[in-house]
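Values in this document were obtained by computation on a predicted structure and should not be read as measured data.
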Amino acid sequence: MGAEGSLTLDRGLALLQAVADAGGEAATISELAVTIGASRAAVYRLLVPLSERGLVWRDGTKVRLGVGVLRLAGQVLPQLRQAAHPVLRELAEKVGATAHLSVAEGDHVQAVAVVEPSWTNFHVAYRAGSRHPLSAGAAGKAIALRQDGPPWVATRGELQPGASGVAAPVRGVPGLKASVGVVSLDPIVPDEVGPQVVAAAAALAEVLR
């Protein structure tokens with residue numbers, strides 16, 4: 001791909017990101033032009049291939065994400081689960097607690113991959129697909145951690161009475177707001193488990209980059 005083609009691809013991706021960042025509000029052609037630093041005519045040209053692939057749809061001068069994005073998104077979680085499974089397996093076996101990968105969905109967090117330890121008599125049965133507010137539980141609170149904040153979060157009894165959790169954010173993967181964590185009915189020593197969870201989150205980030 002030549003320099004011109006690379007620039008066009010970069011602007012097309014920037015345009016798609018700008019439409020997504022508009023959230024529930026449709027973005028106008030003028031707003032998109034300002035956001036990506038291009039002319040209105042250039043935005044119109046970039047919208048053509050995106051529209052043909054169903055990634056955006058236009059209503060006059062307003063632009064929203066198209067259903068083609070849903071088709072792409074439907075392929076993300078299976079691949080994410082596959083990438084995370086070895087990392088979560090190692091973490092679960094080391095700590096002796098149920099390990100999970102959770103991703104942010106608006107103001108909620110969803111467990112997308114869960115691995116239970118093989119050698120413990122009892123462990124938390126944490127179901128993949130479980131959702132809860134970002135503000136409750138270690139998984140959601142870890143996602144909200146600032147870059148210069150603590151490396152992990154520890155909670156107890158917030159989602160299930162008697163259950164302890166430790167989670168760390170997955171950093172350095174563009175577009176992914178996620179955390180890796182463990183949950184156990186037995187007490188967890190955060191200073192011992194925290195660094196292992198941070199290491200697992202970093203290992204997953206390396207796989208996904």
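- For Arg131, the salt bridge (charged side-chain N to carboxylate O under 4.0 Å, His left out) criterion is met by Glu105, not counting sequence neighbours.
- Screening residues 24-41 for side-chain hydrogen bond (donor to acceptor under 3.5 Å, both in side chains) gives Thr28-Glu31, Ser30-Arg40 as the qualifying pairs, with residues at least two apart or on separate chains.
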What side-chain donor-acceptor pairs closer than 3.5 Å can you find for residues 170-183, not counting sequence neighbours?
| from | atom 1 | to | atom 2 | distance (Å) |
| --- | --- | --- | --- | --- |
| Arg171 | NH2 | Arg146 | O | 3.2 |
| Ser179 | OG | Ala139 | O | 2.9 |

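- Qualifying side-chain contact (heavy atoms from CB on, under 4.5 Å) partners for Ala83, counting only residues two or more places apart in sequence or in other chains: Val207, Leu208.
- With sequence neighbours excluded, the residues forming a salt bridge (charged side-chain N to carboxylate O under 4.0 Å, His left out) with Glu206 are Arg209, listed by chain and number.
- Residues meeting the side-chain contact (heavy atoms from CB on, under 4.5 Å) test with Ala154, sequence neighbours left out: Val166, Pro190.
- In this structure, the side chains of Ser135 and Lys141 stay at 4.5 Å or more apart for every pair of heavy atoms.
- The heavy-atom pair separating Leu145 from Pro169 by the smallest distance is CD1-CD, 3.9 Å.
- Judged purely by atom type and a 3.5 angstrom limit, His132 uses its side chain to pair as donor or acceptor with the backbone of Ala136.
- With Glu116 contributing its side chain and Ala97 its backbone, the two residues share no donor-acceptor pair below 3.5 Å.
- Hydrophobic cluster of Leu16: the remaining members, joined at side-chain heavy-atom separations below 4.5 Å, are Leu15, Val19, Ile29, Leu32, Ile36, Val43, Tyr44, Leu46, Leu47, Leu50, Leu55, Val56, Val63, Leu65, Val69, Leu72, listed by chain and number.
- Every side-chain contact (heavy atoms from CB on, under 4.5 Å) that Pro195 has, sequence neighbours left out, goes to Trp152.
- With values rounded to the nearest 0.5 angstrom, His85 atom NE2 is found 5.5 Å from Arg89 atom CZ.
- Hydrophobic clustering, defined by side-chain heavy atoms of Ile, Leu, Val, Met, Phe, Trp and Tyr closer than 4.5 Å, groups Ile143 together with Val109, Leu134.
- Hydrophobic side-chain contacts under 4.5 Å tie Trp119 to no other Ile, Leu, Val, Met, Phe, Trp or Tyr residue.
- Residues satisfying the salt bridge (charged side-chain N to carboxylate O under 4.0 Å, His left out) criterion with Asp21, sequence neighbours excluded, are absent altogether.
- Residues Gln110 and Ser102 have side chains that never bring a donor and an acceptor to within less than 3.5 angstrom of each other.
- In this structure, the separation between CZ on Arg81 and CD on Gln79 is 11.5 Å, given to the nearest 0.5 Å.
- Every residue two or more places apart in sequence or in another chain was checked for a salt bridge (charged side-chain N to carboxylate O under 4.0 Å, His left out) with Arg58, and none qualifies.
- Side-chain atoms of Thr98 and Pro117, non-hydrogen and from C-beta on, do get closer than 4.5 Å to each other.
- Note that CG of Leu77 and CG of Leu101 are 9.0 Å apart. Values are rounded to the nearest 0.5 Å.
- A heavy-atom distance below 4.5 Å is not found between the side chains of His100 and Leu88.
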